[in-house]
Amino acid sequence: MTAARPQPFPAATILGYPRIGPGRELKRALESYWDGRSTLDELRRTGAGLRERAWRRLAGLGLQALPSNTFSLYDQVLDTALLLGAVPERYRSTTDEDTCFAMARGTDGVAPLRMTKWFDTNYHYIVPEIGPDTAFGLSAAKPVSEVRQARDLGLETRPVVIGPVTFLLLAEVAPGAPAGFAPLDRLADVLCVYERLLATLAAEGVGWVQLDEPALVTDLGAAELAAVRTAYERLGSLADRPSLLVASYFGGLGEALPVLADTPVEAVGVDLVHGDPAGLGALAGKTVVAGVVSGRDVWRTDRERALGALLAVREHAGRVVVSTSCSLLHVPYDLDAETGLDPALRRRLAFADQKVAEVVELADLLASASAPGSPAVPVSAPAPVAVPAPASASASVAVPAPAPAPMGERTGRSPYPVRAAAQAAHLRLPPLPVTTIGSFPQTGELRAARAALAAGELDEAAYEERVRAEIREVVALQERLGLDVLVHGEPERNDMVQYFTEHLDGFAVTSHGWVQSYGSRCTRPPILHGDVRRPEPITVRWASYAQSLTARPVKGMLTGPVTIVAWSFVRDDLPLRDVVFQVADAVRAEVRDLEAAGLSVVQVDEPALRELLPLRRAGQDAYLEWAVAAYRWATSGAGDRTQIHTHLCYSDADQILAAVDALDADVTSVESARSGARLLGEPAVKGFGRGLGPGVYDIHSPRVPTADEVGELLEAALRMLPADRVWVNPDCGLKTRTYGQVEAALTNLVEAARRLRGAVESRP
């Protein structure tokens, strides 16, 4: 067969666009449907309206190459599993939407699929299950219907689908598969479905299809590179197909670049913000979709540097298309909605719509620039997007970061056995102590009170009394249920990062800068634009108030320095390590103030520790050294009697167990329930030298685990660790659940712990 004749690609495009709606319309529609307050037809109409609004907005900004199939009711990887028919039998339902939600959220009788982070971002995806018997089959209604919907508006689109290699590399082995099986073993079968998909889209008159392959920027072995070659030689050689854009992002293609270059695909997308442009000469004759506008931050693009990169690529490529470095899914919609930001800071910012405008402007500049062959920036010279100096730089001096100690080396505190003895004598906890991760449900009344305070409709005194009343109720509930280490429930907090950054110098927060984290969950990442300082204590009064209500220990709840930085849009005029250590100084001061106020347990969460791990092995050890050192600096000011907890969720902690152990926290809680306790199967867990709480309640699902299910997970933990080091806790905070769900689940956690506690205490 011969490849289809390529259609010309417009001069500017983006790889994807936000989908939750500028006012979080999708979030509200999803939660209304899940709660039974609206119908499936209403949910579908909301989705159709959001797609239409997005396409019209992009066209209005001057973009001609519009992506479609980037909208999702939950997650694009889950959508790809549905597209390919990779649906485990236990989830199949009467409608595609209900099957989707069963896989993502579970049902009363079935737990959901595992969820983890999308490469090095805070976006979560649903992990597909692939086995030797997975029955693949095309279900193309979604991408086809979106093409038709846009065409009815007079707009042509480019469907976007996760590529076959990335899909299989992100999948996990289905239960019951034989030893040695890997999802990539099913490549030939999956490619049959992609062939049918391309033929179906060609029959719809689609000119281009985008296949996203971000896995190609990671370290690939011979088998993975062979899979890339097989996939794109086979798909590229089809006669009955649209033209193909294989899009990579989050880094450079490295060893995958020459492999892709040798296949008959028409276009390759490269990230020139986070990747090295060296070697792009291999793409001579192909269309290069050059990602020079960052899709991962909110800073304006340095036009001169971006144009230099584009001219350099044009020296070698058959055609250059200006694009974003990745989908704009990771940034807010529109800076124009942020009227409350400091004008000097606003001038340095660009959200999704402003980045689309930058792409269009750069395409016009490239078209009017010197013709190919004239002097240009060498293709080997990196062309990063520059960030202007922070507004505070002229008025402050950066806090120097302490030199990181070797990972695992003690920093400031006594060895764990000494601390454990002091804490046991002071806290007097039973075996298998039960606690939670921190937050309790954020009720509508709490959110309304916070909004009324911000609007000036509720005074500070009335608001604070509402918060105190909630703390009293939460503490009383935990005492009644029989928890051993309590929390205050965090009713005063809007978000575990934003709340802290609102009380630290160097950060700005937005009013409408929402970004999707997963499903209906959205966050407003703060903007870290200057030097970080803590003017005064942040959490002490609420934690100490909760402690005054009970004789049981209450945890002070803090967010760790790596996570605060990872979940913010960060200045890049300083090394990331230095920025993290500035935040670590602020956290260190808060830990000491909590201890001085009488809190005997302090939890410093680091769920983003794995998230910031470089995608290639070459940079991972250095990152982990300073990230661990920053955490230990933040927590090492506490005395031996103060028990330091940390928490990591939905972050593949099993991949960095040595670093987690090196944090030197007295107790570490991790996600375990949703992943089938796979962490407890790691031999390294037996050597984990401190307390460990393998989460036994998946809080991202409305499903309530039984006491027997909790007991099974705890028994698995007790086979790996001594009873005096096993804790009982949920996977994550309880903010997104209802009080009915929480009370039922915690009752079962306490019951399971009590059953096993009796057995443990009776052992000789």
>> Under 3.5 Å, is there a donor on one side chain and an acceptor on the other for Glu606 and Thr646?
In response: no

> Does the side chain of Trp118 reach to within under 4.5 Å of the side chain of His124, using non-hydrogen atoms?
Replying inline: no

>> Are Glu338 and Ser511 packed together at the side-chain level, in the sense that at least one heavy-atom pair is separated by less than 4.5 angstrom?
In response: yes

>> For Asp334, is there an ion pair with Lys355 - N to carboxylate O distance below 4.0 angstrom?
In response: no

> Which class fits the ring pair Tyr17 and Tyr333: parallel under 30°, tilted 30 to 60°, perpendicular over 60°?
Replying inline: perpendicular

>> Counting C-beta onward and ignoring hydrogens, is there a side-chain heavy-atom pair between Val485 and Leu427 closer than 4.5 Å?
In response: no

>> One thing to verify: whether Arg296 and Asp120 come together as a salt bridge, which I'm taking to mean a side-chain N less than 4.0 angstrom from a carboxylate O.
In response: yes

> Mind checking whether Pro553 and Leu429 have side chains closer than 4.5 Å, heavy atoms only?
Replying inline: yes

>> Given Trp567, which partner from the list Thr523, Thr559, Asp495, Asn122 fulfils the side chain to side chain donor-acceptor pair (under 3.5 Å) test?
In response: Asn122

> With a cut-off of 6.0 Å (strictly less than), are more than 12 heavy atoms of other residues, nucleotides or ligands near CZ of Arg28?
Replying inline: yes

> Would a 4.5 Å heavy-atom cut-off, applied to side chains only, mark Gln582 and Asp585 as touching?
Replying inline: no

> Without hydrogens or angle criteria, can the side chains of Arg493 and Thr539 be said to hold a donor-acceptor pair below 3.5 Å?
Replying inline: no

> Is there side-chain contact between Pro526 and Glu502, with at least one heavy-atom pair below 4.5 Å?
Replying inline: no

>> For Arg468, is there an ion pair with Glu465 - N to carboxylate O distance below 4.0 angstrom?
In response: yes

> Ion pair present between Arg737 and Glu743, side-chain N to carboxylate O less than 4.0 angstrom?
Replying inline: no

>> So which atom in Val487 and which in Val475 form the shortest heavy-atom distance, rounded to 0.1 Å?
In response: O-CG2, 4.2 Å

>> Given the ring of Tyr463, does Arg450 sit roughly above its face, with NZ or CZ under 6.0 Å from the centre of the six-membered ring and within 45° of the axis?
In response: no

> Can you say whether the rings of Tyr33 and Phe101 are parallel (under 30°), tilted (30 to 60°) or perpendicular (over 60°)?
Replying inline: tilted

>> Restricting to non-hydrogen atoms, name the atom on Leu609 and the atom on Val562 that form the minimum distance, rounded to 0.1 Å.
In response: CA-CG1, 4.2 Å

>> What I want to check is whether the side chains of Arg19 and Gln516 have a donor and an acceptor closer together than 3.5 Å.
In response: yes

>> With side-chain contact (heavy atoms from CB on, under 4.5 Å) as the criterion, how do Trp727 and Thr668 come out once you've worked through the C-alpha distance, each side chain's angles and the decisive distance to 0.1 Å?
In response: CA-CA 9 Å; Trp727 283 65; Thr668 299; over 6 Å; no

> Quick one: do the Glu595 and Thr642 side chains pair a donor with an acceptor below 3.5 Å?
Replying inline: yes

> So, for Lys117 and Tyr125, which heavy atoms are closest and what is the spacing to 0.1 Å?
Replying inline: O-CE2, 3.1 Å

>> Counting only heavy atoms not in Arg641 (residues, nucleotides, ligands), do more than 12 fall under 6.0 Å from its CZ?
In response: no

> Between Phe440 and His488, is the ring centre distance below 6.0 Å?
Replying inline: no

> side chain to side chain donor-acceptor pair (under 3.5 Å) with Asp666: which of Gln643, Gln423, His645?
Replying inline: Gln423

>> What I'd like to find out is whether the side chain of Tyr739 reaches to under 4.5 Å of the side chain of Leu734, using heavy atoms alone.
In response: no

